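Letters A, B, ... mirror the listed sequences (proteins, then strands); counts begin at 1. These figures come from a predicted structure and were not determined experimentally.
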Amino acid sequence: MDTKVSQAVRALYGSVDVDVKVTRPDPQFGDYATNVALQLGAKLGKNPGEIADQLAIQLRTDEELKEVQVAGPGFINIRLSDAVLSDNLQHILEQKDVYGKPNTYEDKIVVTEYSDPNPFKVLHAGHLYTSVIGDAISNLIEHAGGTVHRVNFGGDVGMHAAKTMWAIIKRLGGENPDGLSDIEQSKRSEWMAAAYVEGTNAYEDNEADKAEIVALNKRIYQLHTDSDHESPLALIYWTCRKWSYDYFNAFYDRIGTHFEKYYPESETAPTGLATVLEQKETGVYQESQGAIVFVGEPYDLHTRVFVNSEGLPTYEAKDVGLSIKKWADYHFDESIIITGNDITEYMKVVLKSIEQFEPELAHRTKHFTHGNVKLAGGVKMSSRKGNFLRAVDVLDSAADENEKAQGNRDEAPVLGAVKYTFLKNRIGPDIVFDPKESVSIVGNSGPYLQYAHARAVSIVQKASKTAADVALGTFDDYERSLLVKMTEYPDVLDSAVRELSPHLVCTYLYELAQVFNRFYEKSHVLDDEREGVRVQLVTAYASILKNGLILLGIPAPNKL
RNA sequence: GCACCCGUAGCUCAGUGGAUUAGAGCACUGGUCUUCGGAACCAGGUGUCGCAAGUUCGAAUCUUGCCGGGUGUACCA
């Protein structure tokens with residue numbers, strides 16, 4: 001449609017520099033609309049209404065357009081002919097699940113990094129949120145032709161690990177690895193989460209404990225440097241570290257996310273440290289007050305510590321190491337790091353420092369941020385106080401809700417409800433989550449769409465007529481509005497990929513389902529004289545719904 | 001203090017690099033249908049689009065200044 005309008009403009013006004021924009025207006029106005037005449041009016045100093053009239057005359061010569069009307073100060077509203085819509089329907093049916101596939105990332109290698117939980121800590125609602133977001137974005141890029149490598153970065157060393165380990169050792173009555181066998185498998189993650197809280201409180205409240213934790217932190221780094229898997233401390237550390245990864249993997253299995261690679265900080269730290277020390281010689285990093293920093297002020301950023309005065313790499317250096325490792329492992333065209341927006345400024349400093357010695361790497365790296373999950377009523381989550389939402393709490397409350405309504409504990413609608421709740425909003429602002437209200441299973445929700453899909457599939461399976469039985473010809477109003485809505489899908493995907501905005505897909509699918517439900521309410525499919533046509537419409541509709549849901553990471557079973 | 005993000009219906013949010021009458025869901029009230037699978041459909045809104053200026057034929061959308069909330073700002077991650 002862009003092309004058609006552009007051609008009409010060129011035919012009448014030559015090569016005017018104008019940004020031809022075609023939108024999808026309210027269906028009562030048309031299938032498409034453009035305000036190009038208003039733009040031209042301003043540019044050429046003519047009456048926009050007259051320009052619109054002339055363009056309309058030009059466009060009416062196109063047989064593929066059924067209606068071209070001028071409205072208001074110079075908008076042009078356009079409707080497609082039924083013949084074109086028939087072609088579109090055939091196209092959807094033939095292409096099936098690849099209908100509307102954009103090629104934005106064709107032949108591109110993309111590394112997406114998200115979720116990033118820390119071993120020795122609990123998975124909270126924020127990890128679930130960022131995992132769902134990261135997954136949907138990865139899916140979108142993949143669908144647009146990219147080769148996507150999903151990776152996960154996590155702190156298996158550092159103060160949080162030391163805090164947890166300190167409390168664990170205390171609970172074991174010393175560095176006594178045998179005591180770990182008393183902890184039941186199902187209790188392990190909770191037990192470690194409690195140890196983290198205990199260690200954090202000790203660190204904040206007691207100077208002597210704090211000193212012990214700081215010392216323990218260094219010893220844990222040393223375990224890695226020495227490849228120590230034998231000493232009592234090492235046995236405790238490696239066992240608990242494995243418990244954490246088991247816990248993560250079980251969780252990712254449950255939500256259907258799979259990472260190709262974990263980058264534990266213990267592996268990126270040495271690379272990061274070495275790089276920072278090396279680049280200190282070239283002047284990228286500087287010594288300051290016993291630490292090694294990157295001075296950000298010349299770039300309108302702030303100064304951050306990369307190696308602390310103990311000689312240990314901070315998160316900054318570990319991130320430098322991570323970037324270098326990812327670059328070496330994948331030689332990506334684009335690296336997308338998806339995190340909360342609280343580290344936006346931090347990441348700018350890290351990337352700016354990398355840009356000094358590895359510009360190509362920095363330029364190909366994109367930091368994409370989302371808001372934080374907040375509890376309703378402005379309650380702040382605090383792991384210390386224990387009033388935070390664990391990731392499993394969110395899933396379990398959705399499961400309870402679903403059981404109340406449907407009487408079963410199927411996971412598909414639970415994932416649908418949770419993921420859709422997280423994805424339907426624009427990525428950026430904080431999202432408010434009310435554990436009591438839980439997640440929605442009616443209205444604009446995942447289960448609504450899953451159900452809509454299952455119902456459509458069920459109808460198709462019962463149909464006796466197929467596409468071949470009927471000539472398409474013309475469409476009635478309900479058929480037509482469904483079909484027009486379906487032709488919008490490629491545009492939606494294109495925007496969603498360009499803007500990495502899964503919520504555009506959510507909004508669209510919901511609107512599509514609403515249009516379908518209106519059609520469905522008024523138009524009988526089976527045993528109707530128009531069964532052949534309608535079955536095709538329902539088939540195409542189901543394939544788009546399924547495609548969209550899968551892109552969002554939401555299961556779309558044929559039966560619920 | 002400085003930097004960045006966010007203020008749209010009672011609540012949670014859409015609103016595409018400007019436009020035809022600012023829209024959904026939830027909640028509330030009423031209705032539809034002897035279900036092609038009711039997780040449905042239909043009807044019901046007097047919203048200071050945070051406030052105020054500015055630019056324009058036209059601003060929720062762009063600019064500036066305020067107000068309010070959040071986050072970040074050197075040895076945590």
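- For the C1' atoms, the distance from C11(B) to G30(B) is 22 Å, rounded to whole Å.
- Taking 3.5 Å as the limit, the base of A74(B) and the side chain of Ser288(A) contain a donor-acceptor pair of atoms between them.
- Going from the P atom of U63(B) to that of C5(B) covers 11 Å, rounded to whole Å.
- Between Arg426(A) and C13(B) there is no side-chain polar atom (N or O) within less than 4.0 angstrom of OP1 or OP2.
- Comparing A19(B), G72(B), C36(B) by their nearest atom to the side chain of Asn35(A) picks out A19(B).
- Comparing C36(B), A77(B), A40(B) by their closest approach to the side chain of Arg304(A) singles out A77(B).
- A gap of 16 Å separates the C1' atoms of U12(B) and G47(B), to the nearest Å.
- Nucleotides U61(B) and U56(B) have their C1' atoms positioned 14 Å apart, rounded to a whole Å.
- Closest to the side chain of Val293(A), from the set A39(B), A77(B), A74(B), is A74(B).
- Taking 4.0 Å as the cut-off between side-chain N and carboxylate O, Glu479(A) and Arg530(A) count as a salt-bridged pair.
- Here the separation of A9(B) from U46(B), taken at their P atoms, is 14 Å to the nearest Å.
- The aromatic ring of His160(A) is not stacked on the base of C76(B), since the criterion of ring centres less than 5.5 Å apart with planes inclined by under 30° is not met.
- A salt bridge does not link Arg534(A) to Glu531(A): none of the charged side-chain nitrogens sits closer than 4.0 Å to a carboxylate oxygen.
- At the heavy-atom level, Ile292(A) lies nowhere under 4.0 Å from the strands shown.
- Residue Asn341(A) has no polar side-chain atom (N or O) positioned under 4.0 Å from OP1 or OP2 of U71(B).
- Between the side-chain ring of Phe75(A) and the base of U20(B), a stacking contact exists by the 5.5 Å and 30° definition.
- Closest to the side chain of Asp430(A), out of A39(B), G70(B), A77(B), is G70(B).
- Under a 4.0 Å N-O distance rule, the pair Asp494(A)/Arg498(A) qualifies as a salt bridge.
- Checking the phosphate oxygens (OP1, OP2) of C13(B), no side-chain nitrogen or oxygen of His503(A) falls inside 4.0 Å.
- One finds no side-chain N or O of Arg534(A) lying less than 4.0 angstrom from the OP1 or OP2 phosphate oxygen of C36(B).
- The pairing partner recorded for G72(B) is C2(B), the criterion being a Watson-Crick or G-U wobble arrangement whose two distances lie under 3.5 angstrom.
- Considering only side-chain N and O atoms, Gln514(A) lies under 4.0 angstrom from the phosphate OP1 or OP2 of G25(B).
- The separation of A59(B) from U48(B), taken at their C1' atoms, amounts to 16 Å, rounded to a whole angstrom.
- OP1 or OP2 of A77(B) sits under 4.0 Å from a side-chain N or O of Lys318(A).
- Tyr508(A) has no side-chain polar atom (N or O) that falls below the 4.0 Å cut-off from OP1 or OP2 of A24(B).
- A donor and an acceptor atom sit less than 3.5 Å apart, one in the side chain of Gln28(A) and one in the base of U21(B).
- Remark: ring of Phe29(A) overlaps the six-membered base ring of U20(B) in a stacked fashion, centroids less than 5.5 Å apart, planes less than 30° apart.
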